[in-house]
Amino acid sequence: MILVFKFVNITENGVLERVLLRTLSNSSCNGHLIRKDDNTELYVESDSAEELENFANELALSVPHSIFMKDYSVEAVESILELPDWEDKFSKPDAIPPCPKCLLDVENSESKQFGNIFTSCEVCGYSVEPANVKLTNFAKEIELPADSNHNEIFDSLAKVIHNGGCATVTTMNGTVTVSALTQKNIVKFPVDEVVTYDVHTASRFFEMQKGEVLALGSIEKPRIRLQITAALKEKYPFFNSAFANVKLPDDMVLFLLMRALKKMGDELFYISKRVDPSLPISFTFSSNTPSLKPLNVVVTDAGNAIVASGERTILPWRGKGFGKKSLSLCSEYVGIMEGDFAEVVHQDQLAGKDIEVDELLVSENEEAPETKAPIIRYSHRHAAFFSVLGQHNLLDKKVAGIYISKSYDSAIMIHSEKFGLVDFIRFDFDYQTFDEIFSGIENMDETGAKLLSNFKKKFPDRLEQLADNTIKKDGSSIMTLFGVIGVILGFGEDNIEAARNLLDNAAEFKGKKGPRIDYKLKEERQLNPLWSIRTAMSFKLAGVDDLTLSFGVVESFSEFLSTMIDDIETDMGLDGVVFCGSLFGEKKILQKSNMLIAKNHSVYFNKAMPLDDINIAYGSLLLTLR
């Protein structure tokens with residue numbers, strides 16, 4: 001009898017495959033593991049139905065939920081598919097939170113790994129060398145060997161946190177301050193992440209959709225930006241922010257600390273990146289911990305987790321090559337393609353190495369190193385677009401790409417084999433001062449002049465203060481537009497603060513519909529920001545509250561993107577639409593845009609890469625294929 005366990009798994013980091021092989025090796029069944037594209041299949045054969053049933057039960061306990069696993073099924077078959085066995089060719093990513101087996105081992109008093117923070121296996125773990133661990137509590141010190149049970153230390157550390165204290169803690173992700181959620185602690189150590197015992201605790205204190213619950217509990221243990229509930233506000237009335245970055249323990253240090261705190265009745269603590277070396281309480285071990293950026297995800301309206309940013313569980317990334325030998329640079333990342341193989345790593349991993357390539361691709365604002373190879377400059381938006389095209393085998397299709405970034409120039413693009421890559425709509429922001437904007441609105445038409453006059457009467461101080469101010473352009477043109485609108489509406493003193501507050505207001509909005517903000521094009525297919533600014537000002541004059549108005553700005557922008565895509569479809573037809581760029585990391589923009597566009601089009605995202613940066617290092621390698 002043969003059973004085949006089928007998984008749709010969009011990452012090639014090998015975590016799932018290693019779990020399957022480990023589970024198979026611990027059974028008496030024979031097996032055959034294959035992978036083709038995004039499909040991983042394990043064929044298991046036995047003469048005993050009981051053995052197969054036992055294996056299936058064990059597999060259900062062993063396979064962790066992953067944000068990259070999109071489907072799972074099992075069925076009986078007559079024969080095994082004749083394809084080569086999957087081989088563990090590559091090392092695992094630099095940082096993978098504990099797998100189910102290691103979590104069981106570290107909690108099992110009969111296990112050799114009981115209470116040991118350095119517990120890891122062929123599936124999970126961090127690139128950290130075991131070392132003696134030490135707890136300093138004022139004048140008292142406890143030091144334990146690397147290979148011992150460390151629960152004594154965590155019980156002592158948990159008492160500190162339980163009593164409202166804070167401590168400097170070395171984790172597998174670097175040194176941070178771990179604190180009880182108190183007003184005194186927050187003043188000294190701002191909240192960067194809230195760590196909860198489990199998803200049930202998180203769902204009590206934070207508003208969560210089903211897809212967010214599943215993502216939070218996945219093996220990747222990503223951070224998700226969530227809105228607080230009345231329950232959290234009631235228990236911690238001094239917590240002023242409406243949102244927090246929330247995660248479950250993502251390494252053994254936080255896992256064992258959380259378990260010790262749970263025994264005392266505590267279900268959460270918080271982490272701050274701000275570290276004070278003079279704190280009298282600390283947990284340390286002498287080892288180089290990786291400084292990988294945390295994995296942040298955002299969930300679509302359909303419940304799919306999209307990686308917004310981060311590196312943990314992803315780097316080094318490996319994927320499909322397209323026959324060339326080239327290297328690309330993007331920020332701190334390097335993309336390498338050689339034949340049918342491509343990967344992305346940190347630049348420091350290639351320091352001092354002499355790599356011969358046919359061409360070097362360098363982003364538009366990056367300093368190019370000295371090299372004999374031809375240097376090709378590329379735009380971030382084009383590379384991000386191509387990273388999705390390459391992963392989904394869409395390079396020979398007619399596809400529109402929406403790239404909206406917080407950092408880089410954005411555009412709606414089209415690519416096809418017939419005419420190549422073109423920027424169809426640009427989002428440039430050409431105004432240098434607020435006075436230019438106000439003059440532009442006043443001279444648009446009679447309605448614009450009247451609007452400005454009425455706005456000056458109702459908010460005289462605001463326009464007078466802004467008139468001569470220079471518009472800061474830190475970030476993308478879209479963020480500049482949101483920032484300008486936010487500053488005029490009184491959401492902040494500068495563009496960056498005002499844009500962030502506008503997006504937060506929109507995220508906090510609980511209604512279903514906002515006012516319609518105009519997004520219109522100039523003749524040269526560029527967005528005319530004056531229409532958006534003036535309609536936002538008109539609704540402010542009409543007394544629309546800040547949350548509703550902010551949501552209108554965001555919602556109308558998503559509706560504009562949808563309208564543009566429908567227009568392209570009408571004019572020339574499309575095989576799909578690509579979403580990329582860090583602004584899609586904003587939940588309301590992602591969900592509204594996806595809901596509108598996915599009704600009529602096939603929508604594609606990066607499979608197992610963030611919306612910006614790592615994907616750019618890969619996508620740039622593909623640009624010279626066109």
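Throughout, residue positions are numbered sequentially from 1 according to the sequence presented. This is a predicted model, so every value here is computed, not measured. Just so you know, these numbers use all the heavy atoms, side chains as well, and skip hydrogens, waters and symmetry mates.
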Practice prompt. Please test Leu256 against Val106 for side-chain contact (heavy atoms from CB on, under 4.5 Å), starting from the C-alpha separation and ending with a verdict.
Written response: CA-CA 8 Å; Leu256 290 174; Val106 84; 4.1 Å; yes
Worksheet item: For Lys92 and Val123, what are the C-alpha separation, side-chain angles and deciding distance, and is it a side-chain contact (heavy atoms from CB on, under 4.5 Å)?
Response: CA-CA 7 Å; Lys92 65 186 179 185; Val123 172; over 6 Å; no
Practice prompt. Apply the test salt bridge (Lys or Arg N to Asp or Glu O under 4.0 Å) to residues Asp250 and Arg312: give CA-CA distance (whole Å), side-chain angles for both, the deciding distance (0.1 Å), then the verdict.
Written response: CA-CA 10 Å; Asp250 57 359; Arg312 295 178 199 162; 3.1 Å; yes
Fill in: Asp155 vs Lys159, salt bridge (Lys or Arg N to Asp or Glu O under 4.0 Å): CA-CA, chis, key distance, verdict
CA-CA 6 Å; Asp155 288 340; Lys159 289 178 183 177; over 6 Å; no
Practice prompt. Evaluate the criterion salt bridge (Lys or Arg N to Asp or Glu O under 4.0 Å) for residue pair Arg18 and Asp88; output intermediate values, then yes/no.
Written response: CA-CA 8 Å; Arg18 294 184 188 104; Asp88 195 356; 3.0 Å; yes
Item to complete: Step by step, work out the ring-ring contact (aromatic ring centres under 6.0 Å, His included) result for Phe55 and Phe5.
Response: CA-CA 11 Å; Phe55 176 82; Phe5 299 85; 5.6 Å; yes
Item to complete: Any chance you could lay out the side-chain contact (heavy atoms from CB on, under 4.5 Å) test for Glu75 and Val4, step after step, and finish with the verdict?
Response: CA-CA 6 Å; Glu75 62 183 80; Val4 57; 3.5 Å; yes
Discussion item. Walk me through whether Lys325 and Glu359 qualify under salt bridge (Lys or Arg N to Asp or Glu O under 4.0 Å).
Written reply: CA-CA 7 Å; Lys325 187 176 182 180; Glu359 58 196 12; over 6 Å; no
Practice prompt. For Leu295 and Ile67, run side-chain contact (heavy atoms from CB on, under 4.5 Å): C-alpha distance rounded to whole Å, both residues' side-chain angles, the deciding distance at 0.1 Å, then the answer.
Written response: CA-CA 11 Å; Leu295 199 68; Ile67 60 173; 4.0 Å; yes
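Nearest heavy atom pair, residue Met69 against residue Pro64, reads CE-O, 3.9 Å. Minimum heavy-atom separation, Ile228 to Phe243: CG2-N, 4.4 Å. Residues Cys124 and Pro97 share a closest heavy-atom pair of CB-O, 3.3 Å. The heavy-atom pair separating Ala308 from Val298 by the smallest distance is CB-CG1, 4.4 Å. Heavy-atom minimum distance, Ala180 versus Ile161: CB-O, 3.1 Å. Closest approach of Asn615 and Met609 over heavy atoms only: CA-SD, 3.8 Å.
Side-chain atoms of Ser203 come within 3.5 Å of backbone atoms of Val199 as a donor-acceptor pair (strictly under, hydrogens ignored). In this structure, the side chain of Asn116 engages the main chain of Ser148 through a donor-acceptor pair within 3.5 Å. A donor-acceptor pair is defined here as one N or O able to donate and one able to accept, closer than 3.5 Å; such a pair exists between the side chain of Ser27 and the backbone of Cys29. Judged purely by atom type and a 3.5 angstrom limit, Glu152 has no side-chain atom pairing as donor or acceptor with the backbone of Ile142. Between the Ser593 side chain and the Leu590 main chain, no donor and acceptor come within less than 3.5 Å of each other. Checking side-chain atoms of Gln391 against main-chain N and O of Lys607 turns up a donor-acceptor pair under 3.5 Å. Under the 3.5 Å distance criterion, the side-chain polar atoms of Glu51 are left unmatched by any main-chain donor or acceptor of Ser46. The closest donor-acceptor contact from the side chain of Asn137 to the backbone of Lys140 lies at 3.5 Å or more, if one exists at all. Of the possible polar contacts, none joining the Thr175 side chain to the Thr171 backbone as a donor-acceptor pair under 3.5 Å is found.
Annotation: side chain of Leu157 is in contact with side chain of Leu257 (closest heavy-atom distance under 4.5 Å). Side-chain contact between Lys247 and Ile224 is absent, with no heavy atoms from C-beta onward closer than 4.5 Å. In this structure, the side chains of Phe283 and Ile153 come closer than 4.5 Å at one or more pairs of heavy atoms. The shortest distance between side-chain heavy atoms of Lys221 and Pro249 does not fall below 4.5 Å. Between Pro610 and Ile314 there is a side-chain heavy-atom pair separated by less than 4.5 Å. Proximity of Met1 to Ser48: side-chain heavy atoms (C-beta onward) are nowhere separated by under 4.5 Å. Looking only at side-chain heavy atoms (C-beta outward), Phe154 and Ile117 come within less than 4.5 Å of each other. Looking only at side-chain heavy atoms (C-beta outward), Lys6 and Val74 stay at 4.5 Å or farther from each other.
For Glu58 and Thr23, the side-chain atoms include no donor-acceptor pair closer than 3.5 Å. The closest side-chain donor-acceptor pair between Ser405 and Asp612 falls under 3.5 angstrom. Between Ser111 and Gln113, the side chains place no donor N or O within less than 3.5 Å of an acceptor N or O (distance only, hydrogens not considered). Residues Thr196 and Glu267 bring no donor and acceptor atom of their side chains to less than 3.5 Å of each other. Side chain to side chain, Thr300 and Gln591 fail the donor-acceptor criterion of an N or O pair below 3.5 Å. Side-chain atoms of Ser620 and Ser328 form a donor-acceptor pair, as typed in the model, at a separation below 3.5 Å. Side-chain contact annotation: Ser309 with Asn296, donor-acceptor N/O pair under 3.5 Å present. For the residue pair Asp37 and Asn39, no side-chain donor N or O sits within less than 3.5 Å of a side-chain acceptor on the partner. No hydrogens or angles considered: a donor-acceptor pair under 3.5 Å links the side chains of Glu17 and Thr40. Between the side chains of Asn245 and Tyr270, no donor-acceptor pair is found at a separation under 3.5 Å. Checking Lys101 against Ser62 by side-chain atom types alone, no donor-acceptor pair falls below 3.5 Å. Judged purely by distance below 3.5 Å, without hydrogens or angles, the side chains of Ser602 and Asp575 never pair a donor atom with an acceptor atom.
Annotation: Asp47, atom CG; neighbour count of heavy atoms from other residues, nucleotides and ligands within 6.0 Å does not exceed 12.
Using a 4.0 Å cut-off between charged nitrogen and carboxylate oxygen, Glu87 and Arg35 do not count as a salt-bridge pair. No salt bridge links Glu12 with Lys320; every basic N to acidic carboxylate O contact stays at or beyond 4.0 Å. The residues Arg259 and Glu107 are annotated as salt-bridged, a charged nitrogen and a carboxylate oxygen being separated by less than 4.0 angstrom.
By the 30° and 60° cut-offs, the orientation of the rings of Tyr43 relative to His32 is tilted. Using the six-membered ring where Trp is involved, His415 and Phe386 have ring planes that are perpendicular, over 60° apart on the 30 and 60° scheme.
Taking the six-membered ring for Trp and the full ring otherwise, Tyr333 and Tyr618 have centroids separated by 6.0 Å or more. Ring centers of Phe605 and Phe579: under 6.0 Å apart, within the cut-off.
Screening Lys273, Arg225, Arg223 against Glu193 for a salt bridge (charged side-chain N to carboxylate O under 4.0 Å, His left out) leaves a single residue, Arg223.
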